[in-house]
Amino acid sequence: MLDLRFVRQHLPDVREMLARRGLALDLDEFVRLDAEHREVLREVEQLRATRNLVSERIADLKKRGEPVDSQVAEMREVSAKVKELEGALAEKEQALEGLLAVIPNMPHPSVPLGVGGSANQVVRSWGEPPVFAFTPRPHWELGEALGILDLQRAAKIAGARFALYRGAGARLERGLMNFMLDLHTREHGYVEVLPPLLANRTSFYGTANLPKFEEELFKVEDSDFYLIPTAEVPVTNIHQNELLEASALPIRYVAWTPCFRREAGSYGKDVRGLIRLHQFNKVELVKFVMPETSYDELEALTREAEAVLQRLGLAYRVVALCTGDLGFASAKTYDLEVWLPGQGDYREISSCSNFEDFQARRANIRYRPAGRGKPRFVHTLNGSGLAIGRTVVAILENYQQADGSVLIPEALRPYMDGLERLSL
RNA sequence: GGAGGGAUGGCUGAGUCCGGUUGAAGGCGAUCGACUCGAAAUCGAUUAGGGGGCCAAAAGCUCCCUCGGGGGUUCAAAUCCCUCUCCCUCCGCCA
């Protein structure tokens with residue numbers, strides 16, 4: 001969330017930001033509550049100050065064996081009053097916090113302005129979409145024909161939007177996980193972590209998935225747990241409520257996890273195949289960095305995610321999301337979109353964001369600057385490196401052959417026991 | 001599941017029985033300084049976080065809050081009571 005004082009002092013900017021994101025959020029209520037809150041706070045503090053003073057005097061008198069009855073009687077009243085006001089104070093505080101929690105992050109000045117997807121900006125492209133002498137088939141046809149994908153039976157087990165991989169398909173999924181983890185740990189300096197797949201409300205609040213996006217999550221009944229929709233949630237919260245040493249930064253984690261999403265409101269979208277599932281695997285990159293380096297780190301993070309696509313020889317483009325498409329917590333986001341011949345379009349396969357201190361403030365993740373100095377919030381970033389299921393889609397569709405077989409990208413073959421081709 | 005023991009500053013660790021200059025000893029770490037050609041070692045000093053007010057702002061001054069979370073007792077709570085969460089030890093069960 002944003003800093004309370006920042007919002008107070010930059011109301012016009014915050015209002016403009018809300019407009020740019022295409023949001024109708026009224027800040028008048030915030031302004032009113034903020035003023036009221038401080039008013040009550042001043043009152044309470046004054047009373048508490050007298051209480052402290054007289055208490056000290058009582059202790060003093062008692063030590064000398066003098067009577068304290070009148071002071072005690074006086075304090076009884078003051079304390080009652082304090083208690084009453086503290087109730088009011090807590091109410092105001094909560095209301096204020098509640099409002100602040102649903103204000104999205106400020107976009108970075110470099111973020112393109114606009115509300116629709118058309119305002120997104122292609123920053124660069126890599127690779128050439130393959131040319132086929134035949135009509136390329138969608139991945140679900142290829143996968144089912146090759147016997148590596150069984151969506152019918154997955155539906156029987158769980159329902160729509162689930163996948164069952166078989167044989168070389170399962171192996172391909174696992175190979176990709178390992179390939180990506182190896183790349184990021186060996187060459188990009190990430191530390192591998194394997195986090196819980198359930199997390200509590202506090203953690204979800206920390207990454208700003210709650211309170212606003214509850215409908216996208218699977219909640220575990222009779223518990224405080226939600227299934228993670230991305231490793232971002234547990235991994236970012238590794239350092240929740242910590243004060244890190246400056247020398248420890250930057251911290252880089254890479255995590256493979258399954259991800260679980262309700263996909264409520266996406267009925268009719270991507271209903272076939274592996275594009276949009278309730279459960280999918282993803283390798284996620286997460287960084288904790290010093291504020292002054294976070295935009296360099298975002299560029300680096302994006303390149304690190306791109307490296308996966310490059311090694312796999314998949315054509316893609318990098319898109320800077322416009323203010324209207326930007327996620328709630330993000331200050332700047334690059335989407336990586338891979339070319340999918342079966343769909344004849346580029347589709348998102350990674351999303352790399354700089355949240356600046358938005359998540360760090362919620363999750364209370366700070367660092368102490370070198371030399372003395374007040375603790376500051378770190379900047380957090382994350383990006384997919386990559387979504388595994390969609391990578392399988394891209395490989396199947398881009399490397400398909402006229403005879404229905406699929407070549408395996410060379411970089412991946414060591415992870416497939418040298419297998420060069422998926423065929424019947 | 002049963003029985004106990006814990007949670008204190010960046011870390012470690014006293015204080016809790018017997019409530020009152022204890023926001024909190026000592027140690028480690030960090031920062032600054034001395035010594036040194038430099039470093040190490042040694043010595044000295046500094047060092048919890050958050051919030052409000054004054055101030056154009058920084059600095060500064062001042063007040064308030066915080067000893068895992070919440071509630072209670074009391075004029076007054078790190079300290080007493082209740083409750084929740086988490087950690088540890090033992091027993092049982094278990095992938």
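In what follows, every chain begins at residue 1, and chains take the letters A, B, ... in the order their sequences are listed.
Regarding Glu77(A), its CD atom lies at a distance of 17 Å from the C1' atom of A76(B), rounded to whole Å. Rounding to whole angstrom units, CZ of residue Arg361(A) and C1' of G49(B) are separated by 16 Å. We find that CD1 of Ile365(A) is positioned 15 Å from P of G50(B), with the value rounded to whole Å. Note: OH (Tyr367(A)) to C1' (C11(B)) measures 20 Å, nearest angstrom. Atom P of nucleotide G69(B) and atom CG of Asn241(A) are separated by 10 Å, given to the nearest angstrom. The interatomic distance linking Leu89(A) (CG) with G52(B) (P) rounds to 12 Å, in whole Å. Put simply, CG on Asn364(A) is 13 Å from P on G9(B), counting in whole angstrom units.
The aromatic rings of His188(A) and His184(A) sit tilted relative to each other, their planes meeting at an angle between 30° and 60°.
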What pairs of nitrogen or oxygen atoms, one from the protein and one from nucleotides 71-73 of chain B, lie under 3.5 Å apart?
unit_1, atom_1, unit_2, atom_2, d
U73(B), OP2, Lys83(A), NZ, 3.3

Taking N or O atoms only and anything under 3.5 Å, show me the protein contacts with nucleotides 18-20 of chain B, one pair per line.
unit_1, atom_1, unit_2, atom_2, d
G20(B), O6, Lys62(A), NZ, 3.0

Show each protein N/O and nucleotides 60-66 of chain B N/O combination with a separation under 3.5 Å, one pair to a line.
unit_1, atom_1, unit_2, atom_2, d
C64(B), OP1, Asn52(A), ND2, 3.0
C64(B), O3', Arg48(A), NE, 3.4
C64(B), O2', Arg48(A), NE, 3.1
C64(B), O2', Arg48(A), NH2, 3.0
C65(B), OP2, Asn52(A), ND2, 3.4

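Leu210(A) is listed as a side-chain neighbour of Arg201(A), based on a closest heavy-atom distance under 4.5 Å. Proximity of Leu176(A) to Ile395(A): side-chain heavy atoms (C-beta onward) are separated by under 4.5 Å at one or more points.
Using a cutoff of 4.0 Å between basic side-chain nitrogens and carboxylate oxygens, Glu86(A) and Arg48(A) are scored as salt-bridged. The pair Glu77(A)-Lys81(A) does not count as a salt bridge, with every side-chain nitrogen at least 4.0 angstrom from each carboxylate oxygen. The residues Asp417(A) and Arg171(A) are annotated as salt-bridged, a charged nitrogen and a carboxylate oxygen being separated by less than 4.0 angstrom.
Rounded to whole Å, the P atom of C87(B) lies 48 Å from the corresponding atom of A34(B). Here the separation of C88(B) from G29(B), taken at their C1' atoms, is 26 Å to the nearest Å. Rounded to whole Å, the C1' atom of A25(B) lies 15 Å from the corresponding atom of U16(B). Using atom C1' as the reference point in both C82(B) and G20(B), the two lie 24 Å apart (nearest Å).
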#### Entry: His239(A) and Phe288(A): CA distance, side-chain angles, deciding distance, ring-ring contact (aromatic ring centres under 6.0 Å, His included) verdict
CA-CA 9 Å; His239(A) 295 295; Phe288(A) 303 80; 4.9 Å; yes
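No hydrogens or angles considered: nothing links the side chains of Asn209(A) and Tyr226(A) as a donor-acceptor pair under 3.5 Å. Side-chain contact check for Ser405(A) and Arg421(A): at least one donor-acceptor pair (N or O, by modelled atom type) lies under 3.5 Å. Between the side chains of Gln46(A) and Arg42(A), no donor-acceptor pair of N or O atoms lies under 3.5 Å. Side-chain atoms of Glu173(A) and Tyr165(A) include a donor-acceptor pair closer than 3.5 Å.
Take the nearest nucleotide of RNA chain B for Asp3(A) and for Met75(A): the residue whose nucleotide is more 5' is Asp3(A).
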